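Working notes, beginning with the structure itself.
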There are 2 protein chains.
Amino acid sequence: MNMMNDNLFEILAEPNRRTILDYLRVKECTVGEIVDLMPLSQPGVSKHLRILREAGLVSLRKEAQTHVYSLNARPLEEIHDWLEPYRKFWSNKLDDLERILDQDESS
Amino acid sequence: MNMMNDNLFEILAEPNRRTILDYLRVKECTVGEIVDLMPLSQPGVSKHLRILREAGLVSLRKEAQTHVYSLNARPLEEIHDWLEPYRKFWSNKLDDLERILDQDESS
DNA sequence: CAGAAATATAACTATAAAGTAATATATTGA
DNA sequence: TCAATATATTACTTTATAGTTATATTTCTG
């Protein structure tokens with residue numbers, strides 16, 4: 001059930017996929033609802049949903065003929081974790097100042 | 001000086017680029033040092049460095065014939081910010097604490 | 001049970017990106 | 001100035017991906 005993500009960044013790199021996640025963050029949606037909100041064909045949306053599903057980022061509940069998708073943000077924690085060792089580079093104002101001074105002569 | 005990133009996720013989607021950032025997080029490196037550490041040709045590394053530079057993620061200091069690259073993690077804050085509204089979805093005890101603290105700030 | 005509605009998959013095309021070899025540019029030092 | 005060193009750029013090829021149209025699948029409804 002829990003998929004391992006080969007490259008989550010690659011999945012999130014596609015702007016339409018991030019838009020879909022943004023929609024699902026607000027409320028679960030059927031495929032048709034998403035299609036209506038986006039400049040994409042229905043198969044285009046379905047393809048992105050499949051990729052998001054395989055990444056574990058959304059889950060699907062079949063309700064009659066409609067498929068209701070909902071957000072599963074858990075895998076995004078992987079991004080959060082990747083960011084972790086970089087966080088100190090922007091959270092310390094003194095370090096920032098040092099870095100700005102270092103960069104000044106770069107062309 | 002401050003570049004606007006068309007799509008930072010796309011830039012980070014490339015595994016070799018993330019590896020380069022990981023190296024630079026530890027210490028600044030010349031192009032040659034990075035080449036020696038990676039299964040890529042020198043032009044390949046230079047191409048990635050250019051992309052990272054244009055994204056504002058690394059900065060360049062020319063030192064004699066060598067070019068010394070260093071990390072500039074600031075643009076990664078954009079990823080952190082994008083993640084923000086999703087954080088509550090993978091809630092665990094730590095995130096619950098964060099949310100409580102956030103509420104305290106806003107009151 | 002036939003047709004409609006909703007979604008998924010298949011087959012195909014176009015584009016972008018990553019990789020390479022070859023070459024250009026810049027700096028150092030003999 | 002010339003050769004060596006370090007890096008960047010160019011030109012090209014290959015591959016992957018996003019998009020499309022057409023079709024298949026599933027489920028409801030009359």
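Not measured: the values here are computed from a predicted model. For the numbers below, each heavy atom of this structure counts, side chains included, while hydrogens, waters and symmetry mates do not.
Shown for residues 23-33 of chain A: no residue has heavy atoms falling under 4.0 angstrom of DNA chain D.
When the C1' atom of D/dT17 is taken as reference, atom CG of A/Leu12 falls 16 Å away, rounded to whole Å. For the pair B/Phe9 CZ and D/dA18 P, the computed distance is 15 Å after rounding to whole Å. Rounding to whole angstrom units, CZ of residue A/Arg61 and C1' of C/dT7 are separated by 16 Å. In this structure, CD1 of B/Ile34 is placed 14 Å from C1' of D/dA8, rounded to the nearest angstrom.
Every side-chain hydrogen bond (donor to acceptor under 3.5 Å, both in side chains) that B/Asp22 has, sequence neighbours left out, goes to A/Tyr86, B/Arg25. Partners of A/Arg50 by side-chain hydrogen bond (donor to acceptor under 3.5 Å, both in side chains), not counting sequence neighbours, listed by chain and number: A/Glu54.
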Summary of protein contacts for nucleotides 17-30 of chain C, nucleotide by nucleotide, where a base hit scores B, a sugar-phosphate-only hit scores S (4.0 Å, heavy atoms): SBBBBB----BS--
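Among residue pairs with one or both ends in residues 29-78 of chain B, none qualify as ring-ring contact (aromatic ring centres under 6.0 Å, His included); sequence neighbours excluded. Under the ring-ring contact (aromatic ring centres under 6.0 Å, His included) criterion, the residue pairs touching residues 9-35 of chain B are B/Phe9-B/Trp82, with sequence neighbours excluded.
A/Lys27 and A/Glu33 are joined by a salt bridge, as a carboxylate oxygen and a charged side-chain nitrogen come within less than 4.0 angstrom of each other.
In this structure the side chain of A/His80 reaches within 4.5 angstrom of the side chain of A/Arg87, judged on heavy atoms.
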Run the side-chain contact (heavy atoms from CB on, under 4.5 Å) check on A/Leu12 and A/Leu21 step by step: do they pass? CA-CA 9 Å; A/Leu12 297 173; A/Leu21 293 180; 3.7 Å; yes
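If you check every strand for non-hydrogen atoms under 4.0 Å, A/Thr66 touches sugar and phosphate atoms only.
Dashed line: the shortest gap from a side-chain N or O of A/Arg50 to OP1 or OP2 of C/dT9 is under 4.0 Å.
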